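Take a look at the structure set out below.
Here the structure is a predicted model, which means the values were calculated and not measured. Within every chain, numbering begins at 1; the chains are lettered A, B, ... in the order of the sequence lines, protein sequences first and strands thereafter. Side-chain atoms are counted along with the backbone in the values below, which use heavy atoms only and exclude waters and symmetry mates.
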Amino acid sequence: MDIKKIEKKWQEKWEAAKFNRFDPADKEREKLYVLEMFSYPSGAKLHIGHWYNYGPTDSYARFKRMQGYNVFQPMGFDAFGLPAENYAIKTGIHPKDSTLKNIETMEGQLKAMGAMFDWSAEIKTCTEEYYKWTQWMFLQLYKKGLAYRKEAPVNWCPSCNTVLANEQVVEGRCERCDSPVVRKNLTQWFFKITAYAEELLSGLDTVDWPEKTKNMQRNWIGRSTGCEIEFECENGEKFKVYTTRCDTVYGVTYVVLAPEHPLARKLTTPEQRDAVEAYIDYASRANEIERLSSTREKTGVFTGSYCTNPVTGKKIPIYLADYVLYSYGTGAVMAVPAHDERDFAFATKYGLPIVKVIEKQGGETILPFTEDGIVACSSPFDGLVGEEAREKIAACIASVGKGGKKVNYRLRDWLVSRQRYWGAPIPVIHCKKCGAVPVPEKDLPVKLPYDVEFRPDGKSPLAKCEKFMNTTCPKCGGQALRDPDTLDTFVCSSWYYLRYADPKNDKAPFDREKVDRLLPVDVYVGGAEHSCMHLLYARFFTKALRDMGYLDFDEPFKRLVHQGVILGPDGNRMSKSHGNVVSPDDYVNEYGADAFRLYLMFGFSYTEGGPWNDDGIKAISKFMDRVEKLVNRAAGIGKKQELPFGAEEKALNYARNFNIKRVSEDMEAFSFNTAIARLMELTNALYKYDGLTGEKNLWLFRETVKDLVLLLAPCAPHFCEELWEMLGGKGFVFEQPFPKEDQAALVLDEKEYAVQVNSKIVCRVMIPTAYSEKEIEEYVQTLPEVAEKTAGKSVKKCIVVLGRLVNLIVG
RNA sequence: GCGGACGUGGCGGAAUGGCAGACGCGUCGGACUUAGAAUCCGAUGGGGCACCGUGCAGGUUCAAGUCCUGUCGUCCGCACCA
């Protein structure tokens with residue numbers, strides 16, 4: 001078979017018949033939205049990871065289509081982003097040009113893969129038609145109060161005079177010029193994802209996702225219940241701390257504010273001013289990674305001020321230390337050195353008192369003791385333990401108006417401003433008189449200008465493009481400037497699955513009715529690296545849009561599957577620097593797209609992945625040849641009368657139906673390697689039957705070969721279309737229903753049992769399926785092998801596992 | 001440091017608590033060939049043939065790769081979250 005020719009042949013036929021198009025008008029069949037995470041066109045070609053994500057998932061989609069679903073499987077490109085911009089800086093090729101060129105190549109390759117993508121629904125996030133609606137999303141979130149501005153630190157390279165993304169910071173230095181990177185505050189846009197923290201957490205219980213992914217999101221959201229406690233300073237200033245251990249509040253010997261805390265300078269006494277300023281400066285230099293390292297030695301400085309412990313009335317010192325994070329809780333903590341490791345280390349270093357207020361139950365208390373224990377030296381709460389102590393103490397604090405119970409989340413609001421060129425411009429105008437004014441919807445899109453100096457020279461690319469920046473205020477008509485920042489590309493990918501439902505709409509991001517019909521996504525397949533960011537952002541968008549009345553469902557992705565990672569042959573992640581990149585192209589050229597897809601499905605456990613190894617690819621090719629030979633033999637067989645149906649026929653028919661059942665189950669479970677193994681078994685069974693002498697039931701043979709082709713079709717689409725045609729089948733093979741097993745054929749007259757005596761295998765024996773447990777028990781005792789072991793002993797117990805095993809316990 | 005997943009032949013990998021190693025690669029043997037390639041058929045965990053085998057040590061069970069406890073190793077995620 002000329003693989004190249006038949007691939008082209010069937011791709012053209014599918015195309016001509018618009019066979020891959022989803023038909024929204026078809027109400028007969030149940031819709032099924034199968035979605036693969038769209039491609040990021042940073043490189044020109046598809047790599048093995050693309051094939052591994054898209055090939056097997058396409059086979060799943062085709063399988064569901066044959067099972068009678070109206071399948072929608074779209075594809076598009078997540079086309080904005082930093083790599084294209086960096087590439088442009090390096091080569092001078094404009095990001096738009098390189099991206100569109102890459103997309104064109106990838107489209108061609110994706111089509112050559114033979115996946116049934118509905119290209120009529122294709123989207124590219126960098127086109128005006130798309131990012132217009134990304135900007136619209138921003139405006140809706142703004143209207144709803146879910147987009148706001150605040151100061152936030154960025155990585156700043158003082159030498160390049162520019163903002164760096166985290167990945168451009170290498171060991172605290174600028175990747176380009178090697179100068180130390182500092183943190184600098186800029187006013188930036190945020191999305192208030194924290195408003196949905198509770199629902200993002202509880203919604204996880206309603207989706208069919210890998211448990212691991214759900215746990216990662218739970219940790220990322222990081223719900224914690226504790227208590228806020230207010231401390232009052234000598235000068236009258238008040239601040240709150242957050243703690244999960246209010247049962248230790250009598251052991252507080254000092255408090256610590258984050259260096260960025262607004263009260264940090266206000267509470268500094270003149271004598272401490274220099275030391276505090278120096279410390280704040282020191283803390284601002286430390287980059288995020290250093291700062292967050294738990295092994296970093298604790299540092300801090302005394303402010304010179306004191307505050308009062310609200311429960312003991314004692315005067316305690318106020319410190320600044322960068323082990324306290326301004327962004328979590330209240331940015332201030334009460335320090336209990338006796339019962340917290342960090343506080344213990346800090347107090348030891350700075351000679352602060354350590355007061356024990358918790359005793360270990362039934363043992364010696366060794367400080368720092370951080371577990372729950374018996375409250376002591378905390379009258380009137382002495383003797384209480386753990387949760388009960390916390391409840392009582394929190395209630396007491398609440399009753400005197402000094403705070404009370406509080407839930408906190410680790411989740412932060414989503415910073416969406418990027419000081420970059422290649423993204424969707426933020427649709428906001430800054431007016432001296434009116435402040436930040438959203439661009440009116442009728443003026444969208446705010447077009448990203450083409451002629452821009454994106455090479456770094458001290459200013460962000462859009463900021464120095466006067467044509468872009470200068471505009472008029474939509475409110476007062478006065479002179480105003482545009483926001484020079486672009487949106488994080490995760491904003492684009494937070495709603496693309498909705499746009500696929502209505503990709504050409506120029507009046508709205510999507511039509512409600514169309515989205516209602518298609519969404520939510522039934523099966524979403526993509527890399528586990530998106531467990532937290534993309535998948536959380538997309539869920540947030542869905543919930544926000546629902547609350548604005550644009551949608552009517554809570555979760556965008558009902559079922560989620562992560563494919564594993566194909567590593568280089570050396571077991572490392574494929575990368576140019578490792579020199580272990582395996583290109584799919586050579587294999588596809590030599591063996592064809594179908595063989596390559598089959599091999600990816602067969603050679604790895606789909607969700608595990610593993611090191612690349614091509615040992616088995618020839619075997620797949622051979623397997624296909626074997627199937628083709630069977631088809632050649634079966635093709636010439638017409639209907640016959642008076643056919644034998646003896647034991648051999650029964651065995652073949654059993655193999656046929658058993659494998660239909662197993663392949664269906666395995667495909668549904670994304671267990672592709674075992675599905676292909678079943679198909680090989682069926683192929684072997686057919687060869688075995690074909691090799692028999694004597695009269696054969698050729699019609700059964702033919703029908704079984706036909707089923708084999710249908711079962712294999714989702715995994716080797718072009719190949720099986722061709723085989724289907726050879727068998728004289730009408731229409732496309734994908735118009736045929738996926739075979740269903742005949743239950744009657746799965747009922748055997750007898751089954752092989754393992755016979756055990758005292759849990760040791762004695763023999764194997766065929767037992768009629770009609771036998772009852774009692775009959776089986778009696779029967780096995782007549783076997784000579786069993787009699788030998790049970791001689792002179794009595795049977796105390798007999799365990800029968802129907803169809804599998806008998807275990808006689810004797811003694 | 002915390003959390004999670006995983007650990008099975010020479011290799012990739014299978015096994016609702018019920019015959020460990022499906023399927024395939026590789027290897028060995030045979031058939032067909034002048035010969036090779038291709039193809040087909042068969043064998044293939046180890047072994048002293050009593051048994052022993054799923055990283056290691058225990059436990060639960062009639063029965064454990066599977067469940068429980070501990071331990072070692074690999075990978076992933078989070079990482080001063082008070």
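In terms of position along RNA chain B, the nucleotide closest to A:L805 lies nearer the 5' end than the nucleotide closest to the other residue of the pair A:L805 and A:G222. Residue-to-nucleotide proximity on RNA chain B shows that, of A:T330 and A:M680, the 5′-proximal contact is made by A:M680.
When only modelled atom types and interatomic distance are considered, A:R626 and A:N684 share a side-chain donor-acceptor pair under 3.5 Å. Checking A:N572 against A:N580 by side-chain atom types alone, no donor-acceptor pair falls below 3.5 Å.
Every residue meeting the ring pair (Phe, Tyr, Trp, His ring centres under 6.0 Å) condition with A:Y350, not counting sequence neighbours, appears here in chain and number order: A:F346. For A:N673, the side-chain hydrogen bond (donor to acceptor under 3.5 Å, both in side chains) criterion is met by no residue, not counting sequence neighbours. Qualifying salt bridge (Lys or Arg N to Asp or Glu O under 4.0 Å) partners for A:R539, counting only residues two or more places apart in sequence or in other chains: A:E555. Evaluation of the salt bridge (Lys or Arg N to Asp or Glu O under 4.0 Å) rule for A:E371 yields no partner, not counting sequence neighbours.
Under the 6.0 Å cut-off for aromatic ring centres, A:Y587 and A:W51 do not qualify, their centroids lying 6.0 Å or more apart.
Separating the P atom of B:G4 from that of B:C49 is a span of 48 Å, rounded to the nearest Å. When the P atom is compared between B:G48 and B:C25, the two are found 29 Å apart, to the nearest whole Å. B:G9 sits 14 Å from B:G65 when the P atoms are compared, rounded to a whole Å. Taking atom P in both B:A15 and B:C67, one finds a spacing of 14 Å when rounded to whole Å. Atom name P, nucleotides B:A22 and B:U44: the rounded distance is 10 Å, in whole Å. Taking atom P in both B:A5 and B:C52, the straight-line distance is 32 Å, to the nearest Å. Taking atom C1' in both B:C32 and B:C40, one finds a spacing of 8 Å when rounded to whole Å. Taking the P atoms as reference points, B:G55 lies 14 Å from B:G12, given to the whole Å.
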Going by atom type alone, with no hydrogens or angles, which donor-acceptor pairs under 3.5 Å involve a side-chain atom of residues 530-538 of chain A and a protein atom two or more places apart or on another chain?
unit_1 : atom_1 : unit_2 : atom_2 : d
A:S531 : OG     : A:A528 : O      : 2.6
A:H534 : NE2    : A:Y524 : OH     : 2.8

With a cut-off of 3.5 Å and sequence neighbours excluded, list every side-chain donor-acceptor pair involving residues 220-229 of chain A.
unit_1 : atom_1 : unit_2 : atom_2 : d
A:R223 : NE     : A:E198 : OE1    : 3.0
A:R223 : NE     : A:E198 : OE2    : 3.4
A:S224 : OG     : A:Y242 : OH     : 2.6
A:S224 : OG     : A:Y328 : OH     : 3.4

Under 3.5 Å, sequence neighbours excluded: what are the donor-acceptor pairs made by side chains of residues 798-807 of chain A?
unit_1 : atom_1 : unit_2 : atom_2 : d
A:N807 : OD1    : A:S759 : N      : 3.0
A:N807 : ND2    : A:Q756 : OE1    : 3.4
A:N807 : ND2    : A:S759 : OG     : 3.2

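Taking a pair as Watson-Crick or G-U wobble with both distances under 3.5 Å, the runs of three or more consecutive pairs in RNA chain B are B:1-7 with B:72-78, B:10-12 with B:23-25, B:26-31 with B:39-44, B:55-59 with B:67-71.
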Could you go over nucleotides 62-65 of chain B and give all protein N or O partners under 3.5 Å, atom names and distances?
unit_1 : atom_1 : unit_2 : atom_2 : d
B:C62  : O2'    : A:S759 : OG     : 2.2
B:C62  : O2     : A:N807 : ND2    : 2.7

Table of protein N/O atoms under 3.5 Å from nucleotides 37-47 of chain B N/O atoms:
unit_1 : atom_1 : unit_2 : atom_2 : d
B:C40  : OP1    : A:R626 : NH1    : 2.8

List every contact pair, protein side and nucleotides 9-16 of chain B side both N or O, where the distance is under 3.5 Å.
unit_1 : atom_1 : unit_2 : atom_2 : d
B:G12  : O2'    : A:G603 : O      : 2.4
B:G13  : OP1    : A:G609 : O      : 3.4
B:G13  : O3'    : A:N673 : ND2    : 3.0
B:A14  : OP1    : A:S605 : OG     : 3.1
B:A14  : OP1    : A:N673 : ND2    : 3.2

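Using a 4.0 Å heavy-atom cutoff across all strands shown, A:E211 reaches no nucleic acid atom at all. Among the protein residues, A:I761 comes within range of the sugar-phosphate backbone only, with heavy atoms under 4.0 Å from sugar or phosphate atoms but none that close to a base. Backbone-only contact: A:S224 has heavy atoms under 4.0 Å from sugar-phosphate atoms and none from a base.
Residue pairs meeting the salt bridge (Lys or Arg N to Asp or Glu O under 4.0 Å) criterion with at least one member in residues 661-674 of chain A, sequence neighbours excluded, are A:K64-A:E668, A:R559-A:E668, A:K661-A:E665, A:R662-A:E665, A:D666-A:R678.
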**Report entry** Evaluation steps, ring pair (Phe, Tyr, Trp, His ring centres under 6.0 Å), between A:Y599 and A:F596
**Finding:** CA-CA 5 Å; A:Y599 180 60; A:F596 191 64; 7.5 Å; no
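At whole-Å resolution of the value, CE in A:M667 and C1' in B:C23 are 16 Å apart. In this structure, CG of A:L598 is placed 14 Å from P of B:C25, rounded to the nearest angstrom.
Within 6.0 Å of atom NZ in A:K688, 12 or fewer heavy atoms from other residues, nucleotides or ligands are found, so the atom counts as exposed in its surroundings.
The aromatic rings of A:Y689 and A:F701 sit parallel, their planes meeting at an angle under 30°, below the 60° perpendicular limit.
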